[in-house]
Amino acid sequence: MNSPLIRIGVFYDGNYFLKISDYYYFQHERKARISLEGLHEFIRHQVAEEEDVDVRLSQVTDAHFFRGRLSATEARDKDRLFHDRLLDDVLMNMGISTHYMPLKTRDGRLQEKGIDVWLALEALELALHKSFDVIVLIAGDSDFVPLIKKLNTIGTRVMLLNWDFKYVDFKGENRVTRASQLLLDHATYPVAMHDVIDRGLADADEVVENLFVNQPEPAAFPSVKPVRPTGPTAAGPVGTIGMSTIKNLKNGFGFVVMPPNNLFFSYADMAEGDFNDLREGDWVEFTVGRNHRDEDCARQVRKVQPPQIDNEGDDYEDETHEHASASSSDVL
């Protein structure tokens with residue numbers, strides 16, 4: 001006798017998913033990352049609705065995450081090592097199997113090669129051996145069309161979670177994310193997540209609300225109590241503790257006012273607090289560091305109370321803005 005249980009396999013194009021999560025964290029008014037636990041609960045409800053069954057009979061029985069990844073050395077040099085490990089912890093705690101391939105550098109750019117093929121082969125093999133009723137594909141590339149066609153021939157329905165949005169990045173360039181129309185045409189259950197999320201948030205839908213992480217990201221650096229300056233400082237050697245104001249913020253990046261040049265930092269450099277809680281003009285404390293281009297930057301950034309500035313401090317502030325106007329302010 002056939003089981004009434006709807007067995008669901010979830011397959012992530014990892015870099016596509018991370019791009020979506022970054023969009024909601026930095027660009028969307030929700031300002032929060034996608035919760036994997038909340039997403040799986042949403043999937044259960046969505047499949048139950050499409051398959052016309054009780055949600056208790058709709059269960060995620062297997063999930064796999066595919067991604068091209070930097071080597072440990074490259075991730076360290078690009079300040080990505082902590083966040084890569086943090087992602088691994090989340091996936092491991094969710095019981096999601098990870099599949100990584102090394103990113104390759106071609107023409108000076110990092111590229112994924114072979115990861116889509118691996119996902120497709122794994123999804124088809126597991127659909128056959130584990131008898132998934134529904135495979136949920138979180139992807140947008142037309143390279144997955146042959147996979148969907150094969151799954152259709154063996155009777156496995158395909159739900160495609162897809163997003164459509166655009167924004168201007170910190171370099172002033174237009175960024176567009178949109179699923180392939182061929183992919184949408186062949187999926188059994190295409191789900192326009194951008195519309196579902198916006199409607200659900202407007203209606204205070206609990207399942208949609210739970211799609212987002214409701215706590216700040218852990219800091220990449222341990223919380224320490226260094227000897228803190230009592231007023232504005234100039235950049236010193238690597239490891240120097242400094243204090244100044246934020247000049248620019250956009251899309252997860254910013255600059256701290258610091259003569260003779262402004263110091264770049266990103267959300268990954270936060271020692272405590274949430275990057276999205278920062279505002280231009282806020283006072284921050286930071287540690288002078290060096291980035292992978294061997295340039296001065298701000299590390300271990302934390303928001304602090306404005307210092308008491310006397311008349312000499314006013315002279316410093318004027319000098320700071322004079323220097324800042326000749327620096328990287330046009331980048332953001």
Side-chain angles (χ1 to χ4, degrees), residues 1-18 20-21 34-69 84 87-103 112-163 179-180 182-191 193 211:
M1 186 174 77
N2 292 331
S3 169
L5 183 72
I6 300 297
R7 294 173 294 271
I8 305 168
V10 182
F11 290 82
Y12 290 87
D13 177 343
N15 279 332
Y16 178 80
F17 170 78
L18 293 175
I20 301 304
S21 189
I34 298 292
S35 162
L36 288 169
E37 183 176 4
L39 184 57
H40 282 201
E41 187 64 16
F42 170 85
I43 287 170
R44 290 182 60 233
H45 281 79
Q46 192 70 24
V47 170
E49 180 179 332
E50 297 287 359
E51 296 279 309
D52 194 23
V53 299
D54 190 294
V55 70
R56 292 172 296 181
L57 297 176
S58 176
Q59 296 292 333
V60 175
T61 58
D62 210 2
H64 296 261
F65 189 93
F66 295 79
R67 183 191 178 201
R69 194 166 77 163
D84 279 354
L87 174 62
D88 282 345
D89 288 349
V90 173
L91 294 167
M92 178 175 62
N93 290 330
M94 281 290 296
I96 299 174
S97 300
T98 54
H99 308 260
Y100 296 129
M101 292 188 74
L103 288 170
E112 282 188 328
K113 289 296 179 182
I115 199 72
D116 291 354
V117 174
W118 191 10
L119 187 157
L121 291 172
E122 196 78 14
L124 183 59
E125 181 181 6
L126 291 174
L128 290 167
H129 290 289
K130 296 195 174 183
S131 301
F132 294 135
D133 298 291
V134 177
I135 276 185
V136 176
L137 187 60
I138 300 167
D141 199 316
S142 61
D143 287 350
F144 294 112
V145 170
L147 167 63
I148 296 181
K149 288 181 176 179
K150 283 293 185 182
L151 291 171
N152 287 338
T153 64
I154 64 173
T156 302
R157 282 87 70 195
V158 178
M159 176 174 286
L160 178 70
L161 302 191
N162 67 96
W163 281 262
S180 160
L182 280 174
L183 209 59
L184 296 169
D185 291 343
H186 286 87
T188 318
Y189 307 128
V191 181
M193 292 296 293
L211 278 171

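Owing to the predicted nature of the structure, the values given are computational and were not obtained by experimental measurement.
Going from atom CG of Asn162 over to atom CG of Leu184 covers 5.0 Å, rounded to the nearest 0.5 Å. How far CG of Leu160 is from OH of Tyr189: 13.5 Å, rounded to the nearest 0.5 Å. Summarising the geometry, atom CD1 belonging to Ile138 is positioned 11.5 Å from atom CZ belonging to Phe144; distances are rounded to the nearest 0.5 Å. One distance of note links NE2 of His186 with OG of Ser142; it measures 11.5 Å at 0.5 Å rounding. The CG atom of Leu39 sits 4.5 Å away from the CD1 atom of Ile43 when rounded to the nearest 0.5 Å. Here the NE2-CZ distance, from His99 to Phe11, works out to 7.5 Å after rounding to the nearest 0.5 Å.
Ile20 has its side chain out of reach of Met193: every pair of non-hydrogen atoms, C-beta onward, lies at least 4.5 Å apart. Under the 4.5 Å side-chain criterion, counting only non-hydrogen atoms from C-beta, Ile96 is in contact with His40. For the pair Asp88 and Tyr100, the minimum side-chain heavy-atom distance is below 4.5 Å.
Put simply, the residue from Arg157, Met159, Glu50 that forms a side chain to side chain contact (heavy atoms under 4.5 Å, CB included) with Thr188 is Arg157. Among the candidates Asp54, Val53, Thr61, Val60, the single residue satisfying the side chain to side chain contact (heavy atoms under 4.5 Å, CB included) test with Ile6 is Val53.
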Walk me through whether Glu37 and Met94 qualify under side chain to side chain contact (heavy atoms under 4.5 Å, CB included).
CA-CA 7 Å; Glu37 183 176 4; Met94 281 290 296; 3.7 Å; yes

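Nearest heavy atom pair, residue Ile8 against residue Ser58, reads CD1-OG, 3.3 Å. Closest approach of Asp13 to Ala139, counting heavy atoms only: CB-CB, 3.9 Å.
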Please list, one pair per line, the donor and acceptor atoms closer than 3.5 Å that link side chains of residues 117-136 to other protein atoms, with sequence neighbours excluded.
{"from": "Lys130", "atom 1": "NZ", "to": "Asp62", "atom 2": "OD2", "distance (Å)": "2.8"}
{"from": "Asp133", "atom 1": "OD2", "to": "Arg7", "atom 2": "N", "distance (Å)": "2.8"}

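Contacts of Asp84 classified as side chain to side chain contact (heavy atoms under 4.5 Å, CB included), with partners at least two apart in sequence or in another chain: Arg67, Arg69, Ala75, Arg80. Not counting sequence neighbours, the partners of His45 by the side chain to side chain contact (heavy atoms under 4.5 Å, CB included) test are Glu41, Val55, Val207.
In this pair, Tyr12 and Phe65 present their aromatic rings tilted. The plane angle is within the 30 to 60° band.
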